[in-house]
Number of protein chains: 2
Amino acid sequence: MEKKITIKDIARELNIHHTTVSRALRGDFRIKEETKSKIVAYAKEKGYRVNQGALNFRNKQSNEIALLVPNISHYTFSNFISRVSDLAQENGFVVSVFQSKENYENEKEILKIIMQNRVAGVIASISNSTIDTSHFRQLIDFGVPLVFFDRVCQDIDTSKVMIDNFKAAFEAVQFFISKGYCRIGHITGPSHINVFSDRHKGYLSALEKSGLDYKLRYEVSKEFEIADGFNAMKKIWSYAEKPDALLCDSFTLSAGVNSFCNQNGIIIPGDVAIIAVANDPFSGLLNPPQTVMEQPIGELATTSFDLLMNAISSKNKSIAEVIYHKARLIKRESV
Amino acid sequence: MEKKITIKDIARELNIHHTTVSRALRGDFRIKEETKSKIVAYAKEKGYRVNQGALNFRNKQSNEIALLVPNISHYTFSNFISRVSDLAQENGFVVSVFQSKENYENEKEILKIIMQNRVAGVIASISNSTIDTSHFRQLIDFGVPLVFFDRVCQDIDTSKVMIDNFKAAFEAVQFFISKGYCRIGHITGPSHINVFSDRHKGYLSALEKSGLDYKLRYEVSKEFEIADGFNAMKKIWSYAEKPDALLCDSFTLSAGVNSFCNQNGIIIPGDVAIIAVANDPFSGLLNPPQTVMEQPIGELATTSFDLLMNAISSKNKSIAEVIYHKARLIKRESV
DNA sequence: CTGTTAGCGCATTCAA
DNA sequence: TTGAATGCGCTAACAG
């Protein structure tokens, strides 16, 4: 950054004190109209812009919100980022983004950067490999307002915004059952993550309620890419006792499953039915169009942002809220 | 942000000068080993972290890179952001994201915010509705290093990273022709955007080379969502002279086209063949799997980031480079 | 090896 | 209605 015009430059040029310039530029009502308009005109002419960094420094605050997600390019998260970005802009904040790539060490590193940058607050969804949560505790101890969304740290007392995962899975499985499926499997993630454990509980509960015996839990613990779903299905389809329905905990995973099926002549939903917990707009364009439990990401984003704003403005006296949004079954042709 | 420990706090507590603390913490070799370790130990114990904002202020520089894209949640861009985010982290930068939503006024507003925030540099892809480019010129005049990618301002002298759009479209059309298609249409964007005009030139050139008469240019000037592609195809399929092949300038558009076809019994590629210029991993999962001209977004991101780093470090003496990457035809079943 | 001084851009406090 | 003084956290230049 080269030298840019400052209030002192303006003051010197106009033979007034920089304090006066500062006041005029912020529209202080005490400044004489004449002086004010002279200053404003000159500032505009010279292209003066307040230095936000200096302002933040001076005021010991920040206009930056950090967003930490497992993977920026996954639609669930890019959609979330998009929404938060809009809200942030409306509220005078800037959003910086970080991705853990499902890697715990990286997540820790990112939190260090975030603390160092003295952001106003953080909205985070934890990585699949995060078991120890002390780095988040450290963040809070450092005084940074934190809101978790979707994948949260259960043992940390801060605001959390989730979908009702138990119910989402429960209803998905009930739907399978209502359609006559009885060998229902669950492709999920590590059980130390709330999202996956809650859904699996919902899955088991629905099974139990209907007295179904067949159970299948397949855990993917990597990056949740299409290839991981593909490989999961490859493995599953080699089992002696194959499922006739599958609940998939992410769209990418289900897309991989779909891909394996299409490539190997496995008919959806004839051979195996599929429901994905997803909010990806392309789920409806798969072959066949996919039945999904739709995650209301827009609502998650709005709520998360609101809670963070509260936490930022009310500081110490803010109370940790835990909010659940409902997923919604969208019936298409994969069941 | 509440009160956090500073080097002065440490200095006071240890009865030494804060300059010494500063030096010790940065590993200055002149500080006595004993003093240094005492300081480092104390700092660690108290959870001291350098205030990046103060540092930036002091050094008149920033560790923030701004990324401006039309839409964060579109895979092309979220993929780009993801890649740049990784590179930024490796290089000690933080990425803040902004989306124009294809809206010119919003884009202008964002550039103001970016200038105000004194970012180290900007990587941008312009909105479909951007005709006047003076706001970007203003950004450069303000001294902010700028690299354009994909959708660029032709008339601004700064580094640009693109795909060879003429060639991409040319080869796509040639492929259609080689497969016997002869009524080839082009669903594209506003012609004042390089991406679309270059592709349309490539399209026309390939047609001309083969002496094909049928021409169809359908312009989408909105947000490039799936619905826009859907509506485009609805319109196109009402024409008397229907195309037998379509080149689509984005994945979302082609997904909408695909959706309309599947809902209306239009066979792909029997009734109409499709190629999309895209890099979305789900293109291969559509029904039928989609033939695409794949945009090398990862390469675009890497190159853009490198050019920005050059521009940031070499300042005034940096030369604007214009770099093209090649798209690659991936043959699947929509042709 | 360590301390002193100064200043980045700005807004606040106090004084006039 | 305006000015003067101060300091946010940090580092560089200079002095010891």
TODO: Could you pick out which residue, B/Arg30 or A/Ser22, lies toward the 5' side of DNA chain C when each is mapped onto its nearest nucleotide?
DONE: B/Arg30

Task: Steps toward side-chain hydrogen bond (donor to acceptor under 3.5 Å, both in side chains) verdict (A/Asn103, A/Glu107) - done: CA-CA 6 Å; A/Asn103 180 295; A/Glu107 191 175 85; over 6 Å; no

Open item on the list: Categorize A/Thr6 for me: base, sugar-phosphate, or nothing, with a 4.0 angstrom heavy-atom threshold over every strand shown.
Closed with: sugar-phosphate

Task: Donor-acceptor pair under 3.5 Å, B/Arg118 side chain vs C/dG9 base - done: no

Task: Where B/Ile312 and B/Pro145 come nearest, the two heavy atoms and their spacing - done: CG1-CG, 4.0 Å

TODO: May I ask you to decide if the ring planes of B/Phe149 and B/Phe80 are parallel, tilted or perpendicular, using 30° and 60° as cut-offs?
DONE: parallel

- [ ] Please work out whether the ring planes of B/Phe57 and A/Phe57 are parallel, tilted or perpendicular, with thresholds of 30° and 60°.
- [x] tilted

TODO: Please confirm whether any donor atom in the side chain of A/Arg58 sits under 3.5 Å from an acceptor in the base of D/dG9, or the reverse.
DONE: no

Task: N/O (side chain, A/His17) to phosphate O (OP1/OP2, D/dT2) under 4.0 Å - done: no

- [ ] Could you tell me the separation between the CZ atom of B/Phe29 and the C1' atom of C/dC1, rounded to a whole number of Å?
- [x] 11 Å

Open item on the list: If the threshold is 4.0 Å, N to carboxylate O, is there a salt bridge linking B/Arg26 and B/Asp28?
Closed with: no

Task: Protein-nucleotide distance (A/Asn51, atom CG; C/dC10, atom P), rounded to Å - done: 6 Å

Open item on the list: Is A/Lys4 close enough to C/dG9 that one of its side-chain N or O atoms is under 4.0 Å from OP1 or OP2 there?
Closed with: no

- [ ] Take the protein atom CG of A/Leu25 and the nucleotide atom P of C/dG9, then report the distance between them rounded to whole Å.
- [x] 15 Å

Open item on the list: Pick the closest DNA chain D nucleotide for B/Ala54 and for B/Thr19 by heavy atoms, then say which residue is nearer the 5' end.
Closed with: B/Ala54

Task: Within the 6.0 Å centroid threshold, strictly below: A/Tyr48 and A/Tyr42 - done: no

Open item on the list: Between the base of C/dC8 and the ring of B/Phe57 - centre-to-centre under 5.5 Å, planes within under 30° - is that a stack?
Closed with: yes

Open item on the list: Just the rounded figure in Å: distance from C1' of D/dA12 to CG of B/Asn59.
Closed with: 10 Å

- [ ] Give B/Arg26 one of three labels, base, sugar-phosphate or nothing, depending on what nucleic acid heavy atoms sit under 4.0 Å from its own.
- [x] sugar-phosphate

Open item on the list: Quick check on C/dC8: is either OP1 or OP2 less than 4.0 Å from any side-chain nitrogen or oxygen of A/Lys8?
Closed with: yes

Open item on the list: Nearest whole Å is fine: how far is D/dT2 P from A/Ile10 CD1?
Closed with: 15 Å

- [ ] Among the candidates C/dT2, C/dT12, C/dC8, find the nucleotide nearest to the side-chain atoms of B/Lys60.
- [x] C/dC8

Open item on the list: Can you work out whether A/Ile5 or B/Lys36 has the more 5'-proximal nearest nucleotide on DNA chain C?
Closed with: B/Lys36

Task: Whole-Å distance separating the CG atom of A/Asn15 from the P atom of D/dA4 - done: 11 Å

Task: Interatomic distance where CG belongs to A/Asp28 and P belongs to D/dT2 [whole Å] - done: 10 Å

Task: Minimum side-chain heavy-atom gap A/Asn128-A/Arg151 below 4.5 Å - done: yes

TODO: Mind checking the OG-CZ spacing from A/Ser85 to A/Phe305? Nearest 0.5 Å is all I need.
DONE: 10.0 Å

TODO: Nearest whole angstrom, please: distance from the C1' of D/dG7 to the CZ of B/Arg12.
DONE: 14 Å

Task: Degree of bending in the helix from C/dC1-D/dG16 to C/dA16-D/dT1 once both end axes are built from five pairs, to 10° - done: 50°

